[in-house]
Trainee: 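The structure that follows is given in the form of structure tokens.
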Amino acid sequence: MVPNTLSLLFLLASLASACEFPAIINFGDSNSDTGGYAAAFGALPPPYGETYFGSPVGRYSDGRLIIDFIAERLKLPYLSAYLNSMGTNFSCGVNFASSGSSVLPPTMINFNPISLNIQFLQFLEFKSKSTLISKQGGFFKDLMPKQDYFSRALYTIDIGQNDIAHAYVLNMTQVEIKLFIPSILDRLSMTIKDIYGEGGRFFWIHNTAPLGCLPYLLDRIPPTQDQMDKTGCSNPVNEVAQYFNSRLNETVVQLRRDLPSATFTYVDIYSVKYKLISQATQYGFEHPLQACCGRGGGKYNYDRFGRCFENVKGLRSCSDPSARISFDGIHFTDAANRWIFERISGGAFSDPSTSLINACQQ
Ligand SMILES: *[C@@H]1O[C@H](CO)[C@@H](O)[C@H](O)[C@H]1NC(C)=O
Ligand SMILES: *[C@@H]1O[C@H](CO)[C@@H](O)[C@H](O)[C@H]1NC(C)=O
Ligand SMILES: *[C@@H]1O[C@H](CO)[C@@H](O)[C@H](O)[C@H]1NC(C)=O
């Protein structure tokens with residue numbers, strides 16, 4: 001009896017220590033787009049993807065994104081984009097993220113119509129079609145997730161940055177943007193409830209970055225000397241990002257009340273990225289406010305009329321992206337994403353402070 005009791009205890013201990021998520025289902029923007037935008041609107045040019053994949057793979061980075069490191073840690077394959085129709089294997093998850101997409105439906109200045117509500121409609125389509133294909137059997141069945149995966153998967157969400165960035169492009173004031181933020185979060189909350197309604201239970205939610213430290217917004221809304229912090233980031237823009245994050249946190253707190261059988265991990269990406277950017281040298285990085293790939297040089301090496309992903313003259317990439325934080329002025333390098341992932345995966349920046357592999361536990 002003793003060995004059996006012991007092995008039962010070991011079994012219970014192992015069940016309690018890891019969630020064994022069989023799949024990841026992701027919603028978001030370019031921070032987690034693994035090829036959705038490229039599949040719909042055209043491939044990215046080099047030097048995207050070069051450091052890690054050897055060629056562009058639809059990711060806005062020289063290599064991996066945080067979502068790729070999440071997949072690696074959960075021992076799952078990298079996520080394929082839902083819109084990638086060529087030879088795609090969805091058995092361990094699917095990615096609806098699309099670069100440039102926002103929570104709220106697009107406005108005139110937003111070139112990407114695949115906002116969060118469309119990503120959710122695509123999820124519904126994915127769920128019903130994969131169910132049908134699994135029932136029919138045959139070759140394609142093995143490329144689909146199992147039906148119970150929809151309630152066992154980790155649902156990851158990283159979106160909102162473009163809602164704020166677009167508001168700045170529309171010349172909204174700080175006060176106007178803050179007044180507009182609650183409507184972004186109401187919509188996000190509705191979508192999460194809709195995912196819950198489809199069986200989703202485990203949510204891993206990233207807050208938004210210190211947008212005032214990103215070259216493209218420093219270029220768009222240059223801070224005056226007294227609006228800059230020690231690093232050169234824009235205090236007013238970061239204040240807006242922090243306001244968004246505090247409202248996001250409140251939204252998640254409310255979701256925990258409304259959906260007590262779901263688990264929500266709120267991940268403070270802002271603080272990790274700010275730490276990296278403001279103490280870059282200490283962590284082996286250089287030029288934290290400068291794009292690696294860009295043109296024009298200057299403080300930010302960012303030219304909004306000649307961005308790394310546009311086919312224009314004069315673009316250059318830096319010689320060592322592994323020592324850089326910003327790849328193209330908007331997005332992070334493989335090295336920075338790895339650094340960020342290593343800090344968030346153990347739970348030190350999460351609320352509650354559960355690690356990634358335990359994110360199913362309340
Ligand atoms: C799909 O991916 C899974 C996980 O990587 C793998 O085990 C399976 O063999 C793949 N299916 C096909 C048909 O390639
Ligand atoms: C925002 O302001 C700039 C500078 O005044 C102007 O050139 C631009 O057209 C404005 N954008 C919008 C969307 O109104
Ligand atoms: C989120 O809000 C709750 C309730 O106000 C608070 O206790 C918690 O510390 C906040 N978490 C973060 C990460 O700000």
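Numbering of ligands and ligand atoms starts at 1, following listing order. The first residue of the sequence shown is numbered 1, and numbering continues consecutively from there.
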Trainee: Among protein heavy atoms, which lies nearest atom 8 (C) of ligand 1, and at what distance?
Mentor: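 Residue, atom and distance for the closest contact: Asn89 ND2, 3.8 Å.
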Trainee: What's the shortest distance from atom 9 (O) of ligand 3 to any protein heavy atom, and which residue and atom give it?
Mentor: Asp351 OD2, 4.6 Å
Trainee: Would you name the heavy atoms of Tyr266 and Asn245 that are closest together and state the gap between them?
Mentor: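 Looking at all heavy atoms of both residues, the closest pair is OH-O, 3.1 Å.
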Trainee: Which residue holds the protein heavy atom closest to atom 5 (O) of ligand 1, what is that atom called, and what is the gap in Å?
Mentor: Pro77 CG, 3.6 Å
Trainee: Using a distance-only test with no angle check, is there a side-chain donor-acceptor pair under 3.5 angstrom linking His331 and Ser30?
Mentor: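 Yes, Ser30 and His331 have a side-chain donor paired with an acceptor closer than 3.5 Å.
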Trainee: Where do Ala336 and Thr333 come nearest, in terms of heavy atoms and distance?
Mentor: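 Nearest heavy atoms, Ala336 then Thr333: N-OG1, 3.0 Å.
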Trainee: Is there a donor in the side chain of Ser61 and an acceptor in the side chain of Asp334, or the other way round, less than 3.5 Å apart?
Mentor: no
Trainee: Do Glu72 and Arg64 pass the salt bridge (Lys or Arg N to Asp or Glu O under 4.0 Å) test, and can you show the C-alpha distance, the side-chain angles, and the key distance before you say yes or no?
Mentor: CA-CA 10 Å; Glu72 284 181 12; Arg64 290 158 293 181; 3.2 Å; yes
Trainee: Measure the distance from atom 3 (C) of ligand 1 to every protein heavy atom, then report the residue, atom name and distance (to 0.1 Å) of the closest one.
Mentor: Ser91 OG, 3.3 Å
Trainee: Which protein non-hydrogen atom lies closest to atom 12 (C) of ligand 2, naming both residue and atom, and how far is it?
Mentor: Asn171 ND2, 3.4 Å
Trainee: For atom 11 (N) of ligand 3, find the nearest protein heavy atom and state the residue, atom name and distance (0.1 Å precision).
Mentor: Asn249 ND2, 3.0 Å
Trainee: For atom 4 (C) of ligand 3, what is the nearest protein heavy atom, given as residue, atom name and distance?
Mentor: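 Going atom by atom, the protein heavy atom closest to atom 4 (C) of ligand 3 ends up being Val253 CG2, 4.2 Å.
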Trainee: Assess the residue pair Cys360 and Cys19 against the criterion (disulfide bond (SG atoms under 2.5 Å apart)); give the C-alpha distance rounded to whole Å, side-chain angles, the decisive distance to 0.1 Å, and a yes or no.
Mentor: CA-CA 6 Å; Cys360 63; Cys19 305; 2.1 Å; yes
Trainee: Centres of the Phe90 and Phe126 rings: under 6.0 Å?
Mentor: yes
Trainee: To check your reading of the model: name the closest protein heavy atom to atom 13 (C) of ligand 1, its residue, and the distance in Å.
Mentor: Leu143 CD2, 3.5 Å
Trainee: Which atoms from ligand 3 have a heavy atom of Tyr266 less than 4.0 Å away?
Mentor: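 Every atom of ligand 3 under 4.0 Å from some heavy atom of Tyr266: 13 (C).
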